[in-house]
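Data block below; observations after.
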Protein chains: 2
Amino acid sequence: MSDRFWSLSTRVETCTRRLCTRAYFGSMEFSKNPAQARVLGGQMLSPLIQKIETRFHLSDYDRKALHQLSARLVRVMAHRDLIEEGKASDHITFIRSGFACRYRILPDGGRAIIAYLVPGDTCDLYAPLLGRMDHAVATVTRCDVAVVSRQDLGMLTSDHPAIAGALHITDLVDEAISREWLVSMGRRSAEKQIAHLLCELLARLQVVGLATSDSYEFPITQADLADAAGLSVVHTNRVLQTLRAEGLIVLRNKTLFVPDLNRLHTFSDFDTRYLHLPQNLYSAERRRIISGVARLQ
Amino acid sequence: MSDRFWSLSTRVETCTRRLCTRAYFGSMEFSKNPAQARVLGGQMLSPLIQKIETRFHLSDYDRKALHQLSARLVRVMAHRDLIEEGKASDHITFIRSGFACRYRILPDGGRAIIAYLVPGDTCDLYAPLLGRMDHAVATVTRCDVAVVSRQDLGMLTSDHPAIAGALHITDLVDEAISREWLVSMGRRSAEKQIAHLLCELLARLQVVGLATSDSYEFPITQADLADAAGLSVVHTNRVLQTLRAEGLIVLRNKTLFVPDLNRLHTFSDFDTRYLHLPQNLYSAERRRIISGVARLQ
DNA sequence: CGGTGCGTTGACTTCGATCAAGAGATGTGG
DNA sequence: CCACATCTCTTGATCGAAGTCAACGCACCG
């Protein structure tokens with residue numbers, strides 16, 4: 001409810017929780033005034049640009065085009081649907097700040113969180129290729145999301161194949177993350193699974209400058225962690241306590257510190273490779289190689 | 001060891017199992033004679049073409065190009081690596097017959113199967129975009145795989161955007177399958193999870209004509225099922241027995257029958273939607289719509 | 001005929017779910 | 001600014017699902 005935001009129409013306010021007893025709150029969004037939206041474009045997609053440029057070389061021409069893409073900023077409360085299951089929208093939603101998640105609700109009322117989305121991630125990039133969304137996307141914390149029209153983005157990607165390629169790579173990495181989650185759920189103990197997830201979030205947040213080398217803001221609820229790990233809330237709580245007791249993590253004031261990253265990595269069998277980050281984030285040569293391969297496609 | 005195959009060089013023979021005590025067997029493959037390979041091209045990629053055409057309209061021009069793509073057929077024994085973790089190959093491998101899987105080996109020796117591949121699936125389509133493989137691919141049963149040079153496929157897809165789009169959609173469906181597996185592992189009981197997997201395989205095999213409306217050949221080992229479900233072999237065995245006792249499945253002569261598909265679907269909470277098959281596989285209109293959207297990208 | 005892979009069974013243990021209740025936070029309305 | 005409701009985290013007790021260990025039968029195969 002910062003003074004920079006003011007109330008407007010509400011597109012994104014459906015409640016997520018199964019037994020939601022929350023009152024209705026309208027979402028907040030920027031004015032739809034195109035001029036203003038355009039001015040803010042660069043800022044709005046900056047986590048995305050940052051993420052892309054970690055792995056991929058963008059020319060000034062490409063970067064400028066991304067900056068100039070007109071987008072609408074929407075502020076959404078925690079635990080609200082961004083995209084409902086079964087919908088097909090003509091807009092694409094980017095997370096600008098906050099955490100979101102992909103999830104499914106099961107007939108017995110259970111909820112499975114399939115992925116976490118952090119700033120720079122897209123909610124529904126390729127959704128229309130498949131027709132309808134086979135899962136929903138919701139905020140986990142309060143989020144600012146940037147909404148871009150599919151048409152605008154389509155024009156951008158056909159003018160800028162490098163951007164199209166970068167977005168594709170981004171999607172392939174999300175796929176790798178899903179696979180790693182499957183490994184975690186299938187064959188790692190609850191402790192290792194949660195620890196692994198915390199390592200992953202650290203690495204992903206570092207890419208967009210939202211984590212230091214050993215800490216990040218961690219506003220995720222234990223219930224939301226539980227649904228992502230496939231555990232009960234009670235057990236998730238105990239797992240976190242164990243990790244804290246072992247000195248593997250320190251959780252204070254909704255901030256996660258990792259006293260000894262190597263120890264946490266070893267404990268949780270975390271290996272950054274699946275995130276496909278360049279060894280040295282600033283290796284220009286490496287970026288050139290990657291973008292060369294991408295263009296071959 | 002059919003008379004149609006004869007032994008040649010061995011590219012793909014590394015052993016998968018953690019405690020593999022198998023003797024070494026060379027893989028079998030077709031002659032590399034280009035003329036012969038070309039003649040067989042159409043047959044070799046036919047499950048892929050079949051899969052693509054389920055969701056996507058290909059022009060005669062596109063289909064012909066796929067048929068004419070030169071490929072090398074390789075016969076591989078059960079439980080052999082097709083692609084090793086960490087490798088980056090200049091070839092693309094398609095499953096032509098048999099089952100394969102994506103997997104990871106964990107430090108404690110455990111194996112996690114992340115996906116099953118059935119005829120028509122690709123093993124490593126976008127692998128080079130990410131640099132190295134972050135997981136391995138192995139056969140589950142004996143497989144015939146078609147190996148295509150990346151360069152040939154690159155030329156094909158740049159000449160035929162519809163094929164590129166179709167392959168992309170194929171990949172998005174694989175992603176949806178991963179998500180569904182995550183839901184299964186996280187929030188479904190072992191019985192439902194296995195039942196769900198059996199439903200999924202039925203649907204996927206039907207697409208490539210390898211399943212009837214209620215049955216398919218099921219040569220997957222309980223150990224391989226266990227690694228896919230994240231269960232122990234013993235428990236997998238008991239789960240299968242329960243499903244059989246409930247009359248939900250009949251497993252005889254390595255063939256799976258589903259006496260009452262609706263019952264199995266309801267029991268396992270299976271909903272075909274995530275596979276994004278058209279309601280009516282033969283609806284030309286639906287295919288046109290899909291391919292229209294794809295071309296927009 | 002003995003090895004080996006695969007399925008099966010039983011006994012026991014452990015991990016994680018469930019149920020129940022309480023303690024701080026946090027936030028909202030009066 | 002207080003009072004109340006609601007989250008959120010926490011703890012204890014008990015139950016059930018799944019893992020582990022060990023052994024056996026059967027089919028296949030060299």
Side-chain angles (χ1 to χ4, degrees), chain A residues 1 15-25 77-80 106 108-112 140-142 184-194 218-245 249 251-254 256, chain B residues 1 15-25 77-80 106 108-112 140-142 184-194 218-245 249 251-254 256:
Chain A
M1 320 263 171
C15 188
T16 320
R17 320 316 286 297
R18 348 178 181 159
L19 298 168
C20 181
T21 50
R22 276 173 224 261
Y24 166 93
F25 295 98
M77 291 192 56
H79 296 123
R80 293 290 179 275
L106 291 147
D108 67 2
R111 181 177 66 148
V140 168
T141 65
R142 180 164 68 177
S184 269
M185 304 213 48
R187 289 284 180 238
R188 287 199 252 260
S189 68
E191 279 80 10
K192 295 190 178 202
Q193 188 187 354
I194 299 259
F218 189 77
I220 301 177
T221 267
Q222 289 184 4
D224 287 332
L225 252 189
D227 283 342
L231 303 170
S232 67
V233 188
V234 174
H235 199 239
T236 302
N237 177 290
R238 290 183 173 130
V239 165
L240 285 173
Q241 284 180 56
T242 310
L243 295 179
R244 279 182 291 195
I249 61 171
L251 209 38
R252 203 166 34 207
N253 292 331
K254 303 203 175 230
L256 182 88
Chain B
M1 321 258 172
C15 187
T16 319
R17 318 317 286 296
R18 348 177 181 160
L19 297 168
C20 182
T21 51
R22 276 172 223 261
Y24 167 91
F25 294 100
M77 291 191 56
H79 295 124
R80 293 289 179 276
L106 292 148
D108 67 2
R111 182 177 66 149
V140 169
T141 65
R142 179 164 68 177
S184 269
M185 303 214 48
R187 288 285 181 238
R188 287 199 251 260
S189 68
E191 280 79 9
K192 294 191 178 200
Q193 187 188 354
I194 299 259
F218 189 78
I220 300 177
T221 270
Q222 289 185 4
D224 287 332
L225 252 190
D227 282 342
L231 302 171
S232 67
V233 188
V234 174
H235 198 239
T236 302
N237 177 288
R238 290 185 171 129
V239 165
L240 285 173
Q241 285 180 55
T242 310
L243 294 179
R244 279 183 290 196
I249 61 170
L251 209 38
R252 203 166 33 208
N253 293 332
K254 304 202 174 231
L256 182 89

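Because the structure is a prediction, the values reported are computed rather than measured. When reading the values below, keep in mind they use all heavy atoms of this one structure, side chains included, and skip hydrogens, waters and symmetry mates.
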Please check if the side chain of A:Arg187 supplies one atom and the backbone of B:Leu231 the other of a donor-acceptor pair under 3.5 Å.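 Yes, because the side chain of A:Arg187 sits within donor-acceptor range (under 3.5 Å) of the backbone of B:Leu231.
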
Could you check whether any side-chain N or O of B:Thr221 sits under 3.5 Å from a backbone N or O of B:Asp224, counting only pairs where one atom can act as donor and the other as acceptor? no

Looking at every heavy atom in both [X] and [Y], which two are closest together, and how far apart are they?
| X | Y | value |
| --- | --- | --- |
| B:Ser184 | B:Gln193 | CB-CG, 3.7 Å |
| B:Thr141 | B:Pro219 | CG2-CG, 3.4 Å |
| A:Ile194 | A:Ala229 | CD1-CB, 4.0 Å |

A:Leu240 vs A:Ile249 side-chain heavy atoms within contact, under 4.5 Å: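 A:Leu240 vs A:Ile249: side chains touch.
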
Atom-pair distance ([atom1] on [X]; [atom2] on [N]), nearest Å:
| X | N | atom1 | atom2 | answer |
| --- | --- | --- | --- | --- |
| A:Lys254 | D:dC9 | NZ | P | 7 Å |
| A:His235 | C:dT14 | NE2 | P | 14 Å |
| B:Glu191 | D:dA18 | CD | C1' | 10 Å |
| B:Asp108 | D:dG19 | CG | C1' | 13 Å |
| B:Leu240 | D:dA18 | CG | C1' | 15 Å |
| A:Met77 | D:dC7 | CE | C1' | 12 Å |
| A:Arg188 | C:dC15 | CZ | P | 18 Å |
| A:His79 | C:dG27 | NE2 | P | 14 Å |

Go along nucleotides 24-30 of chain D 5' to 3' and tag each nucleotide: B for a protein heavy atom under 4.0 Å from its base, S when only backbone or sugar atoms are that close, - otherwise. -------

What is the distance from atom [atom1] of [X] to atom [atom2] of [Y], rounded to the nearest 0.5 Å?
| X | Y | atom1 | atom2 | result |
| --- | --- | --- | --- | --- |
| B:Ser232 | B:Arg238 | OG | CZ | 8.0 Å |
| B:Asp227 | B:Arg111 | CG | CZ | 4.0 Å |
| B:Glu191 | B:His235 | CD | NE2 | 6.0 Å |
| A:Thr236 | A:Gln222 | OG1 | CD | 7.0 Å |

Using a cut-off of under 3.5 Å, enumerate the N/O to N/O pairs linking the protein to nucleotides 9-13 of chain C.
from	atom 1	to	atom 2	distance (Å)
C:dT9	OP2	B:Gln241	OE1	2.3
C:dT9	OP2	B:Gln241	NE2	2.8
C:dG10	N7	B:Arg238	NH2	2.5

Looking across every strand, which nucleic acid part, if any, lies under 4.0 Å from B:Arg244 by heavy atom: base, sugar-phosphate, or nothing?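 Result for B:Arg244 = sugar-phosphate.
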
Once you apply a heavy-atom cut-off of 4.0 Å, does B:Leu231 come out as touching a base, just sugar-phosphate, or nothing? sugar-phosphate

Does this structure show an ion pair linking B:Asp108 with A:Arg188, if we count only N-O contacts that are shorter than 4.0 Å? no

Contacts of A:Ser189 and B:Ile220 projected onto DNA chain C by closest heavy atom; the upstream (5') one is B:Ile220

The helix from C:dC1-D:dG30 to C:dG30-D:dC1: angle between its terminal axes, five pairs each, to 10°? 40°

Check whether any side-chain N or O of B:Gln222 sits under 4.0 Å from OP1 or OP2 of C:dG5, and answer yes or no. no

